[in-house]
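Only one structure is covered here, and it is reproduced in the block below.
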Amino acid sequence: MSEPYDHSDPETGTPTRLPAKVYRRRRVAVVAGLLAVIVIIVMLVVGPQGVAGWFGGGEKPEQADSQGSEQSAEAKPKGDKTSPKDAASCDMKQVAVEAITDQSSYDSGESPQFSLRVTNHNDVPCDLDLGTKTMGFVVTSGGETYWDSRHCQTNPETTLVRMEPDQSLETEALPWNRTRSTPETCDSERPVAPGGGASYHLTAEIAGVESPESAQFLMY
């Protein structure tokens with residue numbers, strides 16, 4: 001391919017050629033410019049790490065991310081908020097208990113639902129046993145005990161819970177079938193507690209701490 005004429009002789013007006021090395025420089029400059037544009041476009045699409053990987057340098061981003069995720073998952077402890085190794089047991093003098101009923105009165109045939117709310121007033125996180133092994137509900141009326149959840153309890157459980165300072169937790173509801181309980185009547189028929197608007201009081205206990213006030217309710 002012949003090279004174009006870049007200029008003409010000023011005296012004769014005849015087109016003349018530039019030296020061959022000038023054209024070579026121009027070709028090199030054009031090729032270098034095209035390569036630079038291609039590299040910039042690739043870097044914008046795959047990033048500098050991807051470009052380095054194509055030329056044999058660095059790690060592929062997909063492999064680095066995968067390994068990092070696996071290492072993070074393995075290093076993260078499971079159940080760290082409830083592990084008794086990370087905090088001491090709560091000072092029960094700084095724990096408050098409140099007895100709770102789901103309603104203030106119950107029609108005939110309705111079963112009261114009991115729960116308790118516990119609040120940690122310790123200054124630091126601590127572990128508290130909120131299992132059935134340390135939990136108790138007592139129903140009284142006129143100074144007489146009608147029902148105690150521990151009278152016929154089976155398989156009591158220990159459930160350590162990590163509690164933050166000033167955190168409150170409420171237990172799941174426990175139903176009462178409105179019958180009187182004694183340790184001796186667990187496997188026999190029990191008398192039904194009086195209704196007709198009778199007033200009852202519920203107290204709750206957890207790990208030896210009893211609710212200072214009872215929750216009053218009526219049964220019809």
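Side chains included, hydrogens not; waters and symmetry mates left out as well; all remaining heavy atoms used.
A donor-acceptor pair under 3.5 Å links the side-chain atoms of Thr171 to the main chain of Leu116, judged by distance alone.
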Walk me through it: do His121 and Asp166 pass the test side-chain contact (heavy atoms from CB on, under 4.5 Å)?
CA-CA 5 Å; His121 293 301; Asp166 296 323; 3.7 Å; yes
Checking Arg150 against Asp148 for the salt bridge (charged side-chain N to carboxylate O under 4.0 Å, His left out) test, could you report, in this order, the C-alpha distance in whole Å, the side-chain angles of both residues, the deciding distance, and whether it holds?
CA-CA 5 Å; Arg150 294 161 293 193; Asp148 190 320; 3.2 Å; yes
Determine, stepwise, if the pair Cys126 / Asn120 fulfils side-chain contact (heavy atoms from CB on, under 4.5 Å).
CA-CA 8 Å; Cys126 56; Asn120 175 31; 3.5 Å; yes
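Within a 6.0 Å radius of CD in Glu157, no more than 12 heavy atoms belonging to other residues, nucleotides or ligands are found. The local environment of CD in Glu213 is sparse, with at most 12 non-hydrogen atoms from other residues, nucleotides or ligands closer than 6.0 Å.
Within the model, atoms OG of Ser89 and CG of Leu128 stand 8.5 Å from one another, a figure rounded to the nearest 0.5 Å. Rounding to the nearest 0.5 angstrom, the gap separating the CD atom in Glu164 from the CG atom in Leu169 is 10.0 Å.
Remark: Asp129 engages no residue in a salt bridge (Lys or Arg N to Asp or Glu O under 4.0 Å) (not counting sequence neighbours).
Taking all atoms of both residues into account, the shortest heavy-atom contact from Phe217 to Gln103 is CB-O, 4.1 Å.
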All N/O donor-acceptor pairs, side-chain side in residues 136-147, below 3.5 Å, sequence neighbours left out:
from   : atom 1 : to     : atom 2 : distance (Å)
Ser141 : OG     : Ser199 : O      : 2.7
Glu144 : OE2    : Arg180 : NH1    : 3.1
Glu144 : OE2    : Arg180 : NH2    : 2.2

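Counting heavy atoms from C-beta on, the side chains of Pro175 and Pro112 never come closer than 4.5 Å.
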